[in-house]
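Report on one structure; see the data block that follows.
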Amino acid sequence: MDNFDNIALKIENLRVYYKVYKGVLKVLDGINIEVMKGERVALVGETGCGKTTTLKSVMGILAKNAILTSGKITVMGEKILEVDEERIFQKRPKGVAMVFQDPTAALNPVFTIGEQLDLVVRYAAGVTTNVKEHAINALKLARLPDASRIYTNYPFQLSGGMRQRVCIAMALAANPNIILADEPTTNLDVTIQDQVLKLLKRLSTEKELAMILVTHSLGVARETCDRIYVMYAGTIVEYASSEHIFKNPLHPYTQRLIASIPRLTGEGIAEGIKGRIPDYLNPPKGCRFAPRCEFATEKCFNSKPPLYEVEKGHFVACFLYEKKSEVTHPNADNS
Amino acid sequence: MQTILKVQNLKKYFPTKKKGVYVKAVDEISFDIFEQDVFALVGESGSGKSTTAYTVVGMYEPTSGKIFYKNFDISYGVDKRPLKLKQEIQIVFQDPGTSLNPSKTVLQIIGAPLTIHKKLRGKSLIEEVLKLLEMVELPSDYLYKLPRDIGGGEKQLIAIARALAPQPSFIVLDEPTSALDVSIQAKIIKTLLRLKEELKLTYLFITHDLSLVRNISNRIAIMYLGKIVEQGPTDRIFSDPAHPYTQMLLSSIPVLTKDEEALKPKHIESTGEIPSPVNVPPGCPFHTRCPFAKQICREKEPPYVEIEPGRIVRCHLFSNGTDGSSKDEEEVQTWS
Amino acid sequence: MYNEEASMVLLARAAQRDRIKRAWYRFSRHKLSIVGLIMVLSIVFIAIFAPYVAPYPEHAGPYVDFGSACEPPSLAHPFGTDAMGRDILSRVFFAFRDALLMGIVVLIIVVPIGSTVGLIGGYFEGKWFSTLIMRITDVFLAIPPLVLALAIAALLRPTLLNSMMAVSVSWWPWYARLVYGMTISLKNEPFVKAAELQGMNKFKIMFSEILPNHLGPILTKMTLDMGWVILTGASLSFVGLGEQPPTPALGTMVSDGAKYLPTYWWISVFPALMIVVIILAFNLLGDGVREMLTSGE
């Protein structure tokens, strides 16, 4: 906040609704995210919490029935989205590349990897000479063995893991400052997931790439990212460094989510979280987690909790932490 | 410990378009499942774990090998199985979105096996379905809902209720929670474990999630390219993984705590990818990714070695003799 | 106990109502489907009550009045009169009856036959009898429906019933193909596997598990086909192979009027226009039905 030069991506008060036949789905309810240059940030949440909508707003690829009601997005100091009363300012961000969940759907099956990669090099990176060399270099960066052979292959000739590497190579070929990765390993096996995550981590360190990793897996977030934003039903409920989130999870949702995950140490299976995410047509007026929260008071149902900074850099949107002196830490994960 | 299911040298090959070339989905595997156990079959995509499950329930007929259910030979497809057997063995599929008929109400979905096996109709059918809904903790007003009006986790509970309807003793769970969120997974697993105790069920649990398996199963078999590379009691495998592939799997799991971190093998890192089951590498199929691979691993199939009671590993690192493949047969017979 | 039962019945009804409401929601989202629905309802209404809505009901029969032959459109005769002096509007209204009857009867014959063939062919794909019936279907598909219908109708005596038969013979393979394709894609779905593993019999799996999921596309195709079947019927009557005069048929009216073109253009243009209107109406309705029945928000 004090140093604007260090911010790669800033999302402020983003509200995105969707118009459907039943009414208006109030999905994103004021999202604030900040990513520093070269920083890896994870956006963690369960199905339908609006993670992907957040990324799509940055890329400017929201569905046609999306309604932007408020928000401002800045990429590398340049404003790419601003909603005010009269109009919506929006443009495609430069230097932002996206890696999608399903590499099979992200690649065109009738063109070779080379043909598709060349396009990215030519038009996204603006390179006009030695295009092929650049493309093959990108493949090598993504640690694809035998890059010049893969350059001539069609997507169906590659395995799932290789396809995702190709997608990463494609993202790299555009020379981005920021990579948005939308569940990049969800469709992959665990041993391949490990390799792809390590690759992303290494690339972001080497090239000082900022990265937002959207995932539903807290484990993946912890092992890959510096900071974690926990999302629930279109709101950011808590964010902190990866270390702090697990050492001292504050929000009841974060606590229950962490407890739901089966452990290698074999402590058995926890209860999970009762109920389900709210109906976006009529979301709760106050805290969106209140209907499922065991600590919820009347206040939680009536007003939206602001973000409280409980420790340095550790923010939580929960009234339990309104007065620091009264902060309770109901059985935090002791690890 | 009574054996409920015995799989002996099971093979399932699928023909490809090329003549004489087969996908060796399951290649000579053997395991026993004891009554009221949770036996987990763990592997990545293409390992043959689902093919094994589908062969057990009769969706496929084995290419060779035998499957015994309570000492009763069931090594054939579902069309040839008696109705009683179809009632005893049930399956819950991975994706409740496709395993429930989108044009049927919950009553019709859960009711179908009841009309087939119990000949229930009308009022008694509704009553029985309500009982089953109660068992999986779903309210009775779900009776007339269609699958598309129900959340993913609740759909899976309905699929479980359908599997329970004919009062089976053995249920195959084919990745029942991999399509669901963790907070919902916890609920489903809790329900499954409670039902197992209440109804004295035995589970064959198919999954790729080792952390989950750690918490629910008694015994594990780990599959790689159609072969079981390691099997044994859950706690032993996690505290001391023997096969390099098991170690690689464990080391790849993203974890949450330092304690868990400590359980992950450090000296091994995930490399390479699972080869196509059409072209299984000669010798030990894992040698292409194994950091400990020796010459013999590329040439000879490793034997099954019992390194501890009830713990079998298929790896040259644990075989003293050098003649792997000839010993193979004997080893299989000694423990199966 | 009584209360519980009553509440169950209420529940079932509420679920049903909710489903209908949603379907109507999806249907009415597009204005054009409403237009189609209104057009179709009007056509059906006119057909049913033709004797009451037609200005000169007696003109539908063997009526001759050369005094008012070939009169251009006027207030008394909005569509003009034909060479026999009959009011074209009245005859068109009566012609709707046979046209709709044609469509309905043909679809009633064609849909069950085609669906059953497609289901059997698809579910038992790979078996010899499946291959056999699907190849027979292909043979029928290879001949253009109009040509086949013409050939068959020419063999039989020209009556409405025979032209219905002729169109049916050329129409069922389309349903067989449609259902065949959908069955193949559904038969490996886990819910079908689940039914098989439970030991449900194959007949029940085909007709009770698989077929209901095809109802959407089948119903959509039926609505769209109504127009096309009526057109084919009109084509048959155009060449004299359908209903015989003096009963009014749209095709016959167009062909009769063609002799007087271009001077007395209204004699054939208005019946032809009505064929277009019928096809348009059913197509618009069909689009709405598709919206309504393809699940998803």
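Numbered from 1 within each chain, the chains take letters A, B, ... in sequence-line order.
- Between C/Lys202 and B/Asp79, at least one side-chain N (NZ, or NE/NH1/NH2) sits under 4.0 Å from a carboxylate O, which counts as a salt bridge.
- Ranking B/Val92, B/Thr115, B/Leu146, B/Asp174 against chain C, the residue ahead of the rest is B/Leu146, based on heavy-atom pairs under 4.5 Å.
- The candidate with the highest count of non-hydrogen atom pairs below 4.5 Å against chain C, out of B/Ile116, B/Ile126, B/Val78, is B/Ile116.
- The nearest pair of heavy atoms linking C/Phe191 to B/Pro102 is CE2-CD, 3.7 Å.
- Under the side-chain hydrogen bond (donor to acceptor under 3.5 Å, both in side chains) test applied with C/Gln198, the options B/Arg162, B/His117, B/Lys86 reduce to a single match, B/His117.
- Heavy-atom pairs under 4.5 Å with chain B peak, among C/Glu189, C/Lys193, C/Glu209, C/Met200, at C/Glu209.
- Chain C forms the most heavy-atom pairs under 4.5 Å with one residue out of B/Ala112, B/Pro166, B/Pro113, B/Ser140, and that residue is B/Pro113.
- Residues C/Ser208 and B/Lys104 bring a donor and an acceptor atom of their side chains to less than 3.5 Å of each other.
- Considering all non-hydrogen atoms of both residues, B/Tyr144 and C/Arg19 come closest at O-NH2, 2.6 Å.
- To the nearest 0.5 angstrom, C/Leu10 atom CG is 12.5 Å from B/Asp141 atom CG.
- Note that the CZ atom of B/Arg81 and the CG atom of C/Leu197 stand 8.5 Å from one another [nearest 0.5 Å].
- Across C/Pro212 and B/Ser103, no two heavy atoms sit closer than the pair CB-OG, 3.5 Å.
- Other residues, nucleotides and ligands contribute over 12 non-hydrogen atoms within 6.0 Å of the CD atom of B/Glu61.
- Within 6.0 Å of the CZ atom in C/Phe124, the count of heavy atoms belonging to other residues, nucleotides or ligands exceeds 12.
- Interface remark: of the candidates B/Leu85, B/Asp149, B/Ile109, B/Asp149 forms the most heavy-atom pairs closer than 4.5 Å to chain C.
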